[in-house]
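In what follows, a structure is listed as structure tokens, so that the remarks can point back to it.
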Amino acid sequence: MTGSRSSSGVRIRQGFFSRTLPFWLLLPTLIVLAAVQFYPAFYSIFLSTQEFQAGNMKYVGLRNYERVFSTSTFSDSLFITFAFLAGYATLTLVSSFVVALFLNRKLRLSSLYLTVIFIPWVLSDVIVGLVFRLFVVPDYGLLSSFFADPALFGPPNGVSILTTPPPPQVVPGIPLPPAPALIYLIFASAWKAVPFTTVLILAALQTVPREILESASIDGASAFNSFRFITFPLVLPTMVVALFNLTLGGVNGVGMVFSLTNGGPGTATEVLSFLLYTIGFGRLEFGRAAALSVFMAVINLALILFTLRLSRTGRA
Amino acid sequence: MSTKRNLVLAGTTLALAFLVACGGDATPTQAPTRPPTEAVQATEASQATEAPLPTDTAAPAAEAQQFITWYQYDEQNEDPKSDERVGNAYLRKTIPLFNEQFSGKLTWVNQPQAWDKMTLALVAAVQGGGEVPDLMHTGSGELVTLYNNGAVEDLTDWIKSMPWFSDLDPNAVQACTAPDGRIYCVPVSEQPQLVFYWSEHFPNGYPKTPEDFLKQAEELKQKNVYAITYFGSTDFDGEGTTRYFWMAVSSFGGTFDDGQGNMRLNTPENVNAIEFMREIVAKGYSPEIVFAGKFQEEEPMKTAEAASFPTGVFGYRYVNPLKSPSGKEYNTKTEKDMLDAIEAGDVKLSSFVAPEGQKPSCGLSVSGFVIPKGAKNMDGAKQYLNWIMDPQNNPDWVQAPGAGLPALGSIRAAQTFQTTFYKQAIEATAGLCKPWYGSLTKLPDAKKVIATAIYRLIKEDPTADIAAELTKAQDEYNNNK
């Protein structure tokens with residue numbers, strides 16, 4: 001009897017264990033996710049409704065959101081962020097596509113070119129920002145005299161990348177056209193991002209079946225039409241993935257702004273991520289920073305949904 | 001059924017994990033505190049018996065207690081090119097001396113921190129329940145932020161019971177006073193703002209009035225020399241507010257506040273000051289690099305391409321090497337360059353210009369110490385502070401990490417401060433300087449709002465209506481404070 005009870009107990013335990021096995025296997029991951037993802041996310045939402053006053057937290061409702069959204073810096077920053085994203089993603093994708101097309105032609109030493117072209121990707125944002133800054137420091141930078149040429153960049157003193165204010169606003173209240181510093185920031189950011197995107201697109205180009213291209217050629221398709229109707233549609237899903245990567249990196253990245261322009265001149269390059277950094281870690285206004293971070297999470301979510309939609313369109 | 005059970009199990013475990021994570025955090029409504037250590041209890045006892053000096057404090061412990069400081073200086077860094085070499089060398093020399101004097105009682109351990117991240121690091125440590133030092137070197141400009149975030153101890157009762165308290169400059173004590181009227185830092189060194197200028201470019205001394213300045217600036221321009229270089233950008237979240245912008249505004253009789261905690265920028269004095277600053281930019285009397293940020297405005301002063309440079313008294317450490325207008329080089333690439341140039345009369349110190357009927361003014365900050373909430377060895381911190389305030393040790397501290405003038409009145413007579421540099425600095429700033437923020441309490445916000453408004457008016461849009469822009473800026477601050 002004892003043996004029978006014992007074996008039945010073992011069976012019950014074994015049955016329970018095998019039934020709950022998936023749960024136990026998932027548990028460590030769930031705990032890690034809860035600790036590093038869900039808890040900080042919920043805590044940020046909680047923090048966005050609080051304010052520190054003489055060391056004590058005080059519930060302030062949506063006041064932090066109001067304080068963030070009512071400043072001119074925020075609205076400027078929002079437009080600057082979208083201008084930056086549009087320029088950065090477009091320039092990077094187009095440049096990467098062109099470079100990938102060249103590398104796909106199996107030129108001599110193309111593996112060497114690929115290695116060399118990959119170097120910017122391995123440098124840190126801060127280093128790239130500092131180097132690009134040194135090129136254009138007024139009066140002292142390597143390229144500052146080039147940009148200061150009135151014949152090329154307009155009288156009286158050409159352009160000083162780091163200090164020339166943005167041109168007058170076309171629509172009052174919208175900080176566009178961008179300042180030279182923002183254009184330069186886009187260029188520097190794209191320079192760093194092009195290698196990775198190039199590799200992604202190159203990989204996609206190499207999966208385009210050669211037979212289809214050859215058939216099209218035999219059927220009399222021009223090179224442009226082959227590209228337009230065969231190559232591009234097949235590469236499009238990869239480009240959507242690249243766009244996804246670029247937009248999220250562009251919205252959340254702060255290192256390049258920090259080292260290259262520090263938000264200046266004035267607030268001309270103060271993108272949302274930089275504003276978040278300064279409010280949170282510069283001014284130690286954690287409540288307001290949390291409110292802004294919640295807003296940025298919404299933007300991120302919108303961008304993700306947008307790119308996913310594009311991705312479905314690409315597949316269709 | 002098993003799916004349901006799994007879901008219930010997963011949900012319960014996650015909820016438990018979440019609760020544990022939340023519970024592990026410090027109570028958010030109160031800064032975390034540690035149970036009082038023996039040292040703290042000893043401090044309280046020693047306060048009661050009013051025993052200020054190291055030799056009079058609580059009975060020596062059997063074993064030396066660790067006493068931890070946070071400085072922006074690092075005694076391990078022996079790089080002669082480091083910007084912080086003076087403070088680094090001071091710690092290298094002083095830590096062994098201190099530890100010898102306090103042998104068996106205290107062992108001083110320094111944990112170096114980045115200068116612009118110290119406040120954040122301390123607030124994060126206090127609020128997150130992390131390890132905090134027993135004492136942190138900081139400036140008065142950080143005090144309100146530290147106070148607002150509940151990161152520092154109230155030192156009022158202790159500091160007022162110290163024998164050296166009555167010798168402190170009241171302005172320095174005021175700079176260490178938080179909005180609640182309590183004292184939260186110990187001022188050791190005053191860092192007033194003044195003007196460094198090349199005497200060859202201003203042979204008759206620095207101009208006294210704005211009109212005189214503009215006249216001489218035009219003459220210098222004819223010789224391809226900029227009359228002035230300054231921190232004109234919005235960099236470092238509006239650091240320019242505390243420097244040239246405040247020096248100009250206060251010298252014109254202006255202020256940034258109404259004395260009641262509100263920002264008030266649109267005043268005739270402020271408008272006049274901004275018109276003056278605007279003219280300097282418009283007429284090309286300052287180089288473009290003043291708007292580049294990252295302290296790069298110092299470069300033209302080093303080469304005498306700019307004739308003057310308003311900055312903190314500590315600026316002598318960072319502006320090197322130097323080449324005078326006549327080509328004489330000071331090239332040790334250390335703080336010695338500026339001190340030698342001043343000694344030789346090539347560079348002189350002055351107060352800023354002021355309109356007829358006004359006295360020149362300048363910014364004042366204080367360098368000193370705070371005791372963080374949760375400090376384990378508060379007694380050690382107080383013994384150290386008393387040691388720093390001792391006339392034997394104070395001049396060295398003021399000269400090296402303090403990088404300024406003594407907050408203790410009697411120390412100004414010390415031999416250390418009888419050099420040409422210190423004499424000129426004291427003369428140029430005596431009784432003229434005051435903190436830029438007045439009654440404002442949201443200093444980081446105020447700094448950025450003011451710097452952005454002034455930058456826009458003098459550089460970005462020099463035709464904008466000054467009064468309207470200033471009103472807009474002050475409303476933005478007042479509505480969001």
Side-chain angles (χ1 to χ4, degrees), chain A residues 16 19-20 22-24 26-27 30-31 33-35 38-39 42-43 46-47 50 52-58 66-68 70-73 133 136-140 144 148 157 160 162-166 168 179 261-268 270 278-286 288, chain B residues 1-2 5-7 9-10 13-14 17-18 21-22 25 28-31 116-117 119-120 123 126-127 145-151 178-180 233-237 287-294 296 299-300 305 373 442-445 447-449 452 455-456 459-461 472 476 479-480:
Chain A
F16 175 78
R19 277 199 305 276
T20 56
F23 162 72
W24 295 113
L26 282 174
L27 186 62
L30 290 174
I31 290 175
L33 275 177
F38 303 140
Y39 173 64
F42 285 117
Y43 189 69
F46 164 76
L47 203 56
Q50 308 289 315
F52 267 97
Q53 288 178 354
N56 296 320
M57 269 193 187
K58 189 185 154 199
E66 191 190 334
R67 289 169 77 200
V68 168
S70 66
T71 59
S72 57
T73 317
R133 182 182 171 85
V136 294
V137 171
D139 305 330
Y140 298 88
S144 64
N157 299 316
S160 166
L162 295 178
T163 62
T164 299
T261 63
N262 224 353
T267 54
E270 219 170 75
T278 54
I279 293 176
F281 297 124
R283 300 179 214 172
L284 304 187
E285 290 279 354
F286 297 128
R288 268 192 291 160
Chain B
M1 185 65 188
S2 85
R5 187 184 295 163
N6 284 347
L7 280 173
L9 261 174
T13 316
L14 272 177
F18 192 72
C22 294
D25 196 30
T29 50
Q30 202 176 353
D116 56 345
K117 301 284 182 293
T119 302
L120 169 68
V123 169
V126 170
Q127 291 183 2
T145 306
L146 289 166
Y147 162 78
N148 283 341
N149 284 288
D180 66 353
S233 73
T234 54
D235 208 0
F236 297 114
D237 223 15
E288 192 67 20
I289 204 168
V290 302
F291 300 108
K294 300 208 186 265
Q296 282 177 315
E299 300 303 321
E305 288 164 89
K373 282 257 173 74
K442 291 275 182 189
L443 304 195
D445 281 352
K447 214 165 70 164
K448 185 64 191 275
V449 164
T452 305
Y455 166 82
R456 276 197 180 139
K459 171 69 176 167
E460 195 171 293
D461 189 358
K472 203 170 110 188
E476 183 166 318
N479 293 336
N480 286 304

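Every chain is numbered from 1 and lettered A, B, ... according to where its sequence line falls, protein lines coming before strand lines.
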Does the side chain of [X] reach to within under 4.5 Å of the side chain of [Y], using non-hydrogen atoms?
X        : Y        : result
B/Glu460 : A/Pro166 : yes
B/Thr119 : A/Leu284 : yes
A/Glu285 : B/Lys442 : yes
B/Asn480 : A/Ser70  : yes

[X] portion near chain A, given a 4.5 angstrom heavy-atom threshold:
X        : answer
B/Lys294 : both
B/Asn479 : backbone
B/Lys448 : side chain
B/Glu305 : side chain
B/Glu476 : side chain
B/Pro300 : both
B/Thr145 : side chain

Would you mind telling me which of [options] has the largest number of heavy-atom pairs within less than 4.5 Å of chain B?
options                                : answer
A/Val136, A/Asn262, A/Leu162, A/Thr267 : A/Asn262
A/Gly282, A/Pro265, A/Gly264           : A/Pro265
A/Leu33, A/Thr71, A/Asp139             : A/Thr71

For [X] and [Y], which heavy atoms make the closest approach, and how far apart are they?
X        : Y        : result
B/Glu288 : A/Ser160 : CG-OG, 3.7 Å
B/Thr234 : A/Gly266 : OG1-O, 2.8 Å
B/Tyr455 : A/Thr163 : OH-O, 3.9 Å

**OP:** Report the distance from atom NZ of B/Lys459 to atom OG1 of A/Thr164, rounding to the nearest 0.5 Å.
**Re:** 6.0 Å
Original post:
How far does CG of B/Leu120 sit from CZ of A/Arg283, to the nearest 0.5 angstrom?
Top reply: 14.0 Å
Subject >> Which portion of A/Gln50 sits near chain B, non-hydrogen atoms under 4.5 angstrom >> reply: neither
Original post:
Which bit of A/Ser72 comes within less than 4.5 Å of chain B, counting heavy atoms only: side chain, backbone, both or neither?
Top reply: both
Original post:
Are there more than 12 heavy atoms of other residues, nucleotides or ligands under 6.0 Å from atom CZ of B/Phe236?
Top reply: yes
Original post:
Highest number of heavy-atom pairs under 4.5 Å with chain A: which of B/Asp445, B/Leu146, B/Leu443?
Top reply: B/Asp445
Original post:
So B/Gln296 and A/Tyr140, side-chain contact (heavy atoms from CB on, under 4.5 Å) or not? Walk me through it.
Top reply: CA-CA 10 Å; B/Gln296 282 177 315; A/Tyr140 298 88; over 6 Å; no
Subject >> Pair A/Phe52-B/Asn148, side-chain contact (heavy atoms from CB on, under 4.5 Å): steps then yes or no >> reply: CA-CA 6 Å; A/Phe52 267 97; B/Asn148 283 341; 5.7 Å; no
